[in-house]
Every structure is written in C-alpha cells, then in structure tokens.
Amino acid sequence: MNRKRTQKILDILQDAYPQAGTRLNFQSPFQLLVAVVLSAQSTDEQVNQVTKRLFSQYSTPQGMAYLPMEELQELIKGVGLFRNKARHIKALSEILIEKYGGEVPHTFEELIELPGVGRKSANVVMAVGFGLPGLGVDTHVHRVSNRLGLVDAKQPHQTEAGLKAQIPRQRWGQAHHLLISHGRAVCKARSPQCSFCPLESMCPKNID
DNA sequence: ATCCCGAGGG
DNA sequence: CCCTCTGGAT
C-alpha cells in the first residue's frame, strides 16, 4: 500500500537494530538449510545448541543421508518436532546427492520442492545463503507487519506478497531481519513493549 | 483444520 | 497451567 511509509519504518528499524541478521550458526549453504529446517517453531538458541553437536559429526548431505534415522533423531532431539525434522533432513540430503550433485540449489522453485522446505525456509536460504532476493515470513514478520499496518493479511504468504510488493528487492533480506529483531525485542507476541517502541507514534495499534 | 513437539517464560 | 518460538506436510 504505502511504500514511503514502509521505507521510513525500515529506516527507523535500521537505526534501532543496526546489527540485525541471522543468529543461526552455519558454515555452508547446506548447514544453513539444515539449520533453517530445524528452526521451525523453535528458538535459534535451541537450534544452535543442536547444530553444534550435529555439524561437528555430520556436516554434509552425504553424512546425513546415510545416517540411521534413530541416530539423527537423537542428535537433533532438543528442538521440537524432531521426528519430522529428522525425516526431512535425511530425505532432502538424499535428493541433494541424487539430483544436485550434493549442492544446495540456488533457485526458490528448486528449494521449495525439497521436503521440509516451505516458502519461509526457501526465502531464507535464498537471501542468507546466496545473497539472492528472498523475504521469509515467519511468525515475527507476519505479526509485526500486520500490527504496523504494512499489510492486512491472514496468511503468511499474503504478508510475503504484500511486503515484496512495497519493498525493493535489494532490501528484502534486510527487511526480514529487521522485522524479526523488532518482533523479538519489542513487538513481542505476548506482551509488546509499546512504550519502548521507536514506531509507537506511527503504529495503528497505538490508540492513545 | 490438524498434527508434530522440546524448552523457556509468565 | 497456557503461550510462544525464524513452519511444513497431510
């Protein structure tokens, strides 16, 4: 809707969170992909704790594809949804080996076809892993964008479309991280800290 | 719409 | 106890 307002909001958030960026630890696109799959409904700290042990033993598609399911489950237990995630990581590793020569594909269309990889994860791998245009909409991005009136969306994919339509591609990755930082620190799901919000005067939720 | 599902916070 | 955390598949 209002591109100018959105730009201004991003500028203010950039000043408030100058170091916004991913907190997931990884050393390759494949490790990032695994970390992102593990991050569903889990905190980044839980994921980093698990991947520290996992990647020290297995850090390639080959290592994970041939790992027995039970062992992989044991290694990633500690994040929620671990049975599904173990299955997806093993399956996507096999596909990377068979179809992509053990590499992580560089297009959104290919990434989203991988098991356990939806729009959010594919967008994050694009932006964070390859520096290509991608704007992942997670729970924070969805909540904050709607509260601020950047979009009026019930579904995350609607939020993604709305944000992409009013933010320059070059700024998608940055916007993703800024909205997450703000969602974590101030515009929290449970008890938002509106009195500390640099956007308080511009926010529709602020009905003083 | 429902299921998966550990850990931390209030 | 209930809610939330960088969701995705069925």
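So you know, we letter chains A, B, ... as the sequences are listed, proteins then strands, and number each from 1.
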**Message:** Over all strands shown, is Ser39(A) touching base, sugar-phosphate only, or nothing at heavy-atom distances under 4.0 angstrom?
**Reply:** sugar-phosphate
**Message:** Suppose you measure atom P in dG8(C) against the same atom in dA7(B); what distance do you get, rounded to whole Å?
**Reply:** 22 Å
**Message:** Checking side-chain polar atoms at under 3.5 Å, does Ser42(A) have a donor or acceptor matched by the opposite partner on Lys85(A)?
**Reply:** yes
**Asked** Taking the nucleotide of DNA chain C with the closest heavy atom to each, which residue, Ala40(A) or Ala189(A), is nearer the 5' end?
**Response** Ala189(A)
**Complete:** Arg87(A) CZ to dG7(C) C1', in whole Å, measures 14 Å
**Request:** Examine dA9(C): is either OP1 or OP2 under 4.0 Å from a nitrogen or oxygen in the side chain of His88(A)? Give yes or no.
**Result:** no
**Request:** Would you kindly give the CG-to-P distance between Asp138(A) and dT4(C), to the nearest whole Å?
**Result:** 14 Å
**Prompt:** Once you round it to whole Å, what is the distance between P of dT6(C) and CD of Gln46(A)?
**Reply:** 9 Å
**Distance in angstrom units between Leu111(A) CG and dG8(C) P, rounded** = 12 Å
**Request:** Report the C-alpha distance between Phe55(A) and Val50(A) in whole Å, list the side-chain angles of each, state the deciding distance to 0.1 Å, and finish with yes or no for side chain to side chain contact (heavy atoms under 4.5 Å, CB included).
**Result:** CA-CA 9 Å; Phe55(A) 293 159; Val50(A) 161; over 6 Å; no
**Request:** Let me know the distance between CG of Leu24(A) and P of dC5(C), rounded to the nearest Å.
**Result:** 15 Å
**Prompt:** What's the CZ-C1' distance between Arg184(A) and dT6(C), to the nearest Å?
**Reply:** 6 Å
**Prompt:** Quantified in whole Å, what is the P atom distance between nucleotide dC4(B) and nucleotide dT6(C)?
**Reply:** 23 Å
**Message:** Using a strict threshold of under 4.0 Å (side-chain N to carboxylate O), is an ion pair present between Asp138(A) and Arg119(A)?
**Reply:** no
**Request:** Whole angstrom is fine here: how far is it from CG in Leu81(A) over to C1' in dA9(C)?
**Result:** 11 Å
**Asked** Please give, in whole Å, the distance from dA7(B) C1' to Glu45(A) CD?
**Response** 11 Å
**Sugar-phosphate, base or nothing in reach of Ser191(A), heavy atoms under 4.0 Å** = nothing
**Prompt:** How would you label the contact of Val117(A) with the nucleic acid (heavy atoms, under 4.0 Å): base, sugar-phosphate, or nothing?
**Reply:** sugar-phosphate
**Prompt:** When we call it a touch if two heavy atoms are under 4.0 Å apart, what does Leu114(A) touch: a base, just sugar-phosphate, or nothing?
**Reply:** sugar-phosphate
**Asked** Can Asn123(A) and Lys164(A) be counted as having a side-chain donor-acceptor contact under 3.5 angstrom?
**Response** yes
**Asked** If you measure only the distance, is there a donor-acceptor pair under 3.5 Å linking the side chains of Arg171(A) and Gln7(A)?
**Response** yes
**Message:** Classify Arg143(A) by what it touches in the nucleic acid, base, sugar-phosphate, or nothing, heavy-atom distance under 4.0 Å.
**Reply:** sugar-phosphate
**Asked** So what does Gly78(A) hit on the nucleic acid, given a heavy-atom distance under 4.0 Å: a base, only sugar-phosphate, or nothing?
**Response** sugar-phosphate
